[in-house]
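As a basis for the values below, the full set of heavy atoms in this structure was taken, side chains included, without hydrogen atoms, waters or symmetry mates.
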Amino acid sequence: MIIRTATKEDIDQLIRMRWDFTLEDDVDGNLKNEKDHDFYEECKEFLLNAFQSGDWYIWVAEENGMLVSNMYIELIHKVPRPGRITYPFAYMTNVYTKPDYRGKGIGSRLISKTMNGQKKIDMNLSLCGLVTKVLIFT
């Protein structure tokens, strides 16, 4: 198992994993008529921009050339303050492991590798949980 940052060559697999992740959570079947071509183009554009921006780090676990897990980290830049160095926050999202590879510690290895990587990138890691309820303020 190789843990590494994703490259543009991984885009097709990353799009497929995002699609599968979303459908897996679609218990009501609302997405069954969704056109994957439209999603593919939108997601491909997002990923190309993410790779180019330098504000996104996509960590993947690869086995025999196949991606089996991914984790996205976005750097959120803070407003500078006088008298201190301002490092960005790291927002963790879209953590997904293919069903056949779950329960094998792959997600833990991805997080561990990210924690080690943050020391090289100079960022504050913010671990984020699943949002199950949204509050709307009027």
Side-chain angles (χ1 to χ4, degrees):
M1 181 87 43
I2 299 169
I3 306 291
R4 61 175 176 81
T5 54
T7 66
K8 290 179 182 177
E9 288 73 30
D10 298 316
I11 285 179
D12 286 340
Q13 289 189 73
L14 290 168
I15 293 170
R16 180 84 255 162
M17 289 175 72
R18 182 65 177 162
W19 178 266
D20 292 345
F21 179 30
T22 304
L23 288 183
E24 192 175 305
D25 195 39
D26 183 33
V27 293
D28 296 329
N30 295 327
L31 297 174
K32 65 182 175 190
N33 295 321
E34 184 75 19
K35 303 277 189 270
D36 65 347
H37 175 74
D38 294 339
F39 170 75
Y40 180 90
E41 292 303 320
E42 179 184 9
C43 196
K44 181 178 181 181
E45 182 178 343
F46 169 83
L47 289 167
L48 287 170
N49 289 333
F51 286 123
Q52 185 175 348
S53 76
D55 286 335
W56 283 92
Y57 293 85
I58 304 169
W59 290 88
V60 296
E62 175 186 1
E63 186 168 89
N64 299 322
M66 180 178 70
L67 300 187
V68 299
S69 188
N70 60 222
M71 176 174 53
Y72 289 54
I73 304 288
E74 181 184 17
L75 298 183
I76 309 294
H77 298 278
K78 300 184 290 186
V79 178
R81 294 189 69 167
R84 57 172 90 157
I85 297 173
T86 305
Y87 297 114
F89 285 104
Y91 169 67
M92 180 186 299
T93 187
N94 193 43
V95 180
Y96 177 72
T97 301
K98 290 182 176 182
D100 290 345
Y101 293 87
R102 293 179 187 159
K104 299 179 180 184
I106 297 170
S108 296
R109 289 178 60 193
L110 278 172
I111 290 173
S112 176
K113 191 77 163 181
T114 301
M115 297 289 281
N116 291 333
Q118 80 160 25
K119 294 177 180 110
K120 297 176 186 137
I121 301 169
D122 287 331
M123 63 179 166
N124 297 308
L125 185 62
S126 298
L127 301 178
C128 300
L130 176 66
V131 175
T132 57
K133 187 184 288 188
V134 176
L135 299 176
I136 300 173
F137 297 96
T138 56

Check whether Lys98 reaches the backbone of Leu67 with its side chain - one donor and one acceptor, N or O, closer than 3.5 Å.
yes
Please report the closest heavy-atom contact between Gln13 and Gly65, naming both atoms and the distance.
NE2-O, 3.4 Å
Paired with Arg18, the side-chain contact (heavy atoms from CB on, under 4.5 Å) test is passed by just one of Leu14, Ile15, Thr22, namely Thr22
Measure the shortest side-chain to side-chain distance between Arg4 and Asp10 over non-hydrogen atoms and say whether it is less than 4.5 angstrom.
yes
OH of Tyr96 to CZ of Arg102, rounded to nearest 0.5 Å, is 5.0 Å
If you measure from OG on Ser69 to CD1 on Ile3, what distance do you get to the nearest 0.5 Å?
7.0 Å
What pair of heavy atoms forms the shortest contact from Leu110 to Ala61, and how long is it?
CD2-N, 4.0 Å
Considering only NZ, NE, NH1 and NH2 on the basic side and carboxylate oxygens on the acidic side, decide whether Arg16 and Asp12 come within less than 4.0 Å.
no
Using modelled atom types and a 3.5 Å cut-off, is there a donor and acceptor pairing between side-chain atoms of Asn70 and backbone atoms of Asn94?
yes
Residue set satisfying ring pair (Phe, Tyr, Trp, His ring centres under 6.0 Å) with Phe46, at least two apart, ordered chain then number -> Trp56
Between Arg109 and Glu63, is there a salt bridge with N-O shorter than 4.0 Å?
no
Single-linkage hydrophobic cluster, 4.5 Å side-chain cutoff, Tyr101 and Ile2 together:
no
Nearest heavy-atom pair of Asp100 and Lys104: which atoms, and what distance?
O-NZ, 3.3 Å
Got more than 12 heavy atoms from elsewhere within 6.0 Å of CD, Glu42?
no
Trp59 and side-chain contact (heavy atoms from CB on, under 4.5 Å): which single residue from Ile111, Thr5, Val95 fits?
Thr5
Identify the heavy atoms of Ala50 and Ser53 that sit nearest to each other, and give their distance.
O-OG, 3.1 Å
Mark yes when over 12 heavy atoms from residues, nucleotides or ligands other than Asn64 sit less than 6.0 Å from its CG; otherwise mark no.
no
Counting C-beta onward and ignoring hydrogens, is there a side-chain heavy-atom pair between Met17 and Val60 closer than 4.5 Å?
no
Is there side-chain contact between Ile58 and Leu47, with at least one heavy-atom pair below 4.5 Å?
yes
